[in-house]
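Quick notes on the structure that follows.
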Amino acid sequence: MQDDTEDPVSDSTITPPSVIGGHQTFASVTDKISAIALAKRTRTGWFIGAGISFLLTMLLLYTIGYLVLTGIGIWGNNIPVGWAFDIINFVWWIGIGHAGTLISAILLLLRQQWRTSINRFAEAMTLFAVASAGLFPLLHTGRPWLAYWLFPYPNTMGVWPQFRSPLIWDVFAVSTYATVSALFWFIGLIPDLATLRDRARRRTAKIIYGILAMGWRGSARHWHRYETAYLLLAGLATPLVVSVHTVVSFDFAVGIIPGWHTTVFPPYFVAGAIYSGFAMVMTLAIPLRKFYGLEDFITMRHLRNMSKIMLATGLIVGYGYMIETFTAWYSASTFEEFMIRNRMTGPYAPLYWLLILCNILIPQILWSKKARGNVLLLFVVSIIVNIGMWLERFIIIVTSLHRDFLPSSWAMYRPTFWDFSMFLGTIGLFLSLLFLFIRFLPMISIFEIRTILPQAEVHEAGD
Amino acid sequence: MRQATELEEMNSRPRLYGLMAEFEEPTALVQAARRAHDEGYRRIDAYSPFPIEELTDAIGFHHTKLPLIVLIGGVVGCIGGFALCYWVSTSVYPLNIGGRPLNSWPAFIPVTFECTILLAALAAVFGMLALNGLPEPYHPVFNVPSFEQASRNKFFLCIEAVDPKFEEAKTREFLTELGAREVSDVEF
């Protein structure tokens, strides 16, 4: 459990690349990582990327403005497909966020040291993904300015929420998840903010980082309580992350719509979330390490390990697809059988088979060790998995809703321009926040990298 | 007026907060901290750029109440979350749907669970900050010029002037003997 240097299946012939490359010292890791946040000059590449993301964010704001003024009729969803892009994108984004919590909490508890280089920006990714996710159900309510009605508070109308409804569970799960992820991320940042405060030369930077660091001075007593809090938070976040996607799957599984009403949904959704999350971490990590020259910190070992996790969770997702089909046949329910047949051969069949291709067939290439060592290939596969996981939610939602029990109420769903602009807009929001994050905050946890350097070990006589 | 009293206070207080010794290596700091503790110094603190498990032990700091605070947070969240669901569903807004029981407790589990986690997490974060006395914008140790490196690659041990065993000259000599690269005054 200490770390996975012994991996009998794939890494028996060669020693795996180490967690940290090069000959690093406490000073060199500090300087290298903090220099990115403290640099006076912003690189042109950053401006190009952030500029495109910003334009997409403007598209999001425009869409939201038009949506609020007009109503959700501008979207393509209508009865019988009452849930479409808004829920697809909500589930997709929330799922992406899960890898961040998994990396920072579960891998911490399992003492997987390799998590250290990627946990910080994976956590940031979680936060921004949850922010993007939250917009969809909020706007889908139609009157987002009344969204606070979802919370239990004493009001003059004498109305209270229905605590037996999965939608209320969702409100509690997602808002708790957002709060805990934000706290976990910020707590992890405090010692590094202190480093930035001490390293910053410009006065404004010093003041801002100083306020955020809250006077952290690295006292041994503080570290002790800090480590305790961090470990406890990891322990709390672990069941939380599992519960969040379980509750998201309850949104479907508690209903009686054919194709939604299955008990495999919670584990299958959680696995899918981790799958898509790791794919997104890869999609972001590969260009970042290249652009900022962080190959010593985000090494091949990280990419290999992440692709192994992707392979494993992808297989669980494949099992989920299989069980869905099996259940449809085994249930002997006409509606369930029809649903699967409609999925595989109906009007949305090309998307279903594309989903199988993206999520099940193509990622099998990760069995090959050579493929796991090819950065470009990993990047392409991770994007394919992101697309596949989006298609999965599309298939689950749209094919189940568009043809349910009564053929007289069947209809086709077609997204409109505003469905796409909203989706692209949230990608822009997500990337804009991420660009700001990598520019102004240390994207790799500096103090945790220090702890895994060999020099950090204390050699006491008599021990 | 206020300034005057503050000045008075400043004059009556000792000039020194303590003495700060600087080390290059984590091992050197842990050994020094252990020696200082063995010597009988109790008002000591060590500063390092990353958490060092042995260091907490060396300065004689063992227990933190934090796990208890988190447990209390979790229990309050759990009871509170369930009580909210129960109270709303049975008393203030009962919905009779086909005569099903009002206290349908299995349906209350998700909200109860999320409230448990939320309050426990808030207790962990704010409990840690409160016990550490953060935010604390000013602290005398920041007056040591080289202390900037405490968040980079240097290790510090501070013996505070309030320690009963503290004697400026003797303590300074003691710290130098421990192999400190530099011993500096920590002024208020």
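For A:T176, the parts lying under 4.5 angstrom from a heavy atom of chain B are both the backbone and the side chain. Heavy atoms of A:L236 lying under 4.5 Å from chain B belong to its backbone as well as its side chain. Residue A:P166: no heavy atom, backbone or side chain, is found under 4.5 Å from chain B. Looking at A:I449, there are no atoms closer than 4.5 Å to chain B (heavy atoms on both sides), in backbone or side chain. Residue contact with chain B, scored on non-hydrogen atoms closer than 4.5 Å, involves the side chain of A:T179 exclusively. Of the atoms belonging to A:V159, heavy atoms from both backbone and side chain fall under 4.5 Å from chain B. Only the side chain of A:Q162 has a heavy atom closer than 4.5 Å to any heavy atom of chain B. In this structure, chain A has no heavy atom under 4.5 Å from any part of B:W105. Neither the backbone nor the side chain of A:A213 comes within less than 4.5 Å of any heavy atom in chain B. For B:Y86, no part sits under 4.5 Å from any heavy atom of chain A, backbone or side chain.
Between the side chain of B:T27 and the backbone N or O of A:H459 there is at least one donor-acceptor pair closer than 3.5 Å. Checked by atom type and distance alone, the side chain of A:W169 never pairs as donor or acceptor with a backbone atom of B:E114 at under 3.5 Å. Within the 3.5 Å criterion, the main-chain N or O of B:R152 finds a donor-acceptor partner in the side chain of A:R450. Of the possible polar contacts, one joining the A:W223 side chain to the B:S48 backbone as a donor-acceptor pair under 3.5 Å is found.
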Criterion side-chain contact (heavy atoms from CB on, under 4.5 Å) on B:N132 and A:W216, from CA distance to verdict: CA-CA 9 Å; B:N132 281 350; A:W216 181 263; 4.2 Å; yes

Check against side-chain contact (heavy atoms from CB on, under 4.5 Å), A:E227 and B:T56: CA-CA 11 Å; A:E227 289 273 280; B:T56 337; over 6 Å; no

A:L233 vs B:V125, side-chain contact (heavy atoms from CB on, under 4.5 Å): CA-CA, chis, key distance, verdict: CA-CA 8 Å; A:L233 273 179; B:V125 170; 3.7 Å; yes

Evaluation steps, side-chain contact (heavy atoms from CB on, under 4.5 Å), between A:Y230 and B:M128: CA-CA 9 Å; A:Y230 203 67; B:M128 184 272 283; over 6 Å; no

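Of the listed residues (A:L196, A:V171, A:V180, A:L183), the greatest number of heavy-atom pairs within a distance under 4.5 Å of chain B belongs to A:L183. With respect to chain B, the highest number of heavy-atom pairs below 4.5 Å among A:S34, A:G158, A:P191 belongs to A:G158. With chain B as partner, the option from A:E457, A:R217, A:H224 having the largest number of non-hydrogen pairs under 4.5 angstrom is A:R217. Of the residues considered (B:L84, B:V141, B:I52), B:L84 shows the highest number of contacts with chain A, using heavy-atom pairs under 4.5 Å. Interface check for chain A: of the options B:V30, B:L29, B:L55, the most heavy-atom pairs under 4.5 Å are formed by B:V30. Most heavy-atom pairs under 4.5 Å with chain A, from the set B:D45, B:L66, B:T64: that is B:D45. Contact count against chain B (heavy-atom pairs under 4.5 Å) is highest for A:D31 among A:D31, A:I168, A:T25. Contact count against chain B (heavy-atom pairs under 4.5 Å) is highest for A:M214 among A:R197, A:M214, A:Q455, A:R199. Chain A forms more heavy-atom pairs under 4.5 Å with one residue of B:F108, B:F156, B:Y138 than with any other, namely B:F108. Contacts with chain A were tallied for B:P67, B:A121, B:A124; B:A121 has the most, counting heavy-atom pairs under 4.5 Å. Your options are B:P26, B:P51, B:A46, B:A33, and the one with the most heavy-atom pairs under 4.5 Å with chain A is B:P51.
Ring planes of B:F50 and A:F26: tilted class, angle from 30 to 60°.
A:T195 OG1 to B:E148 CD: the interatomic distance, rounded to the nearest 0.5 Å, is 11.0 Å. Remark: B:I109 CD1 to A:F163 CZ distance equals 13.5 Å, nearest 0.5 Å.
Heavy-atom neighbours of chain A within the stretch residues 70-82 of chain B, taken at a separation under 4.5 angstrom, comprise B:V70.
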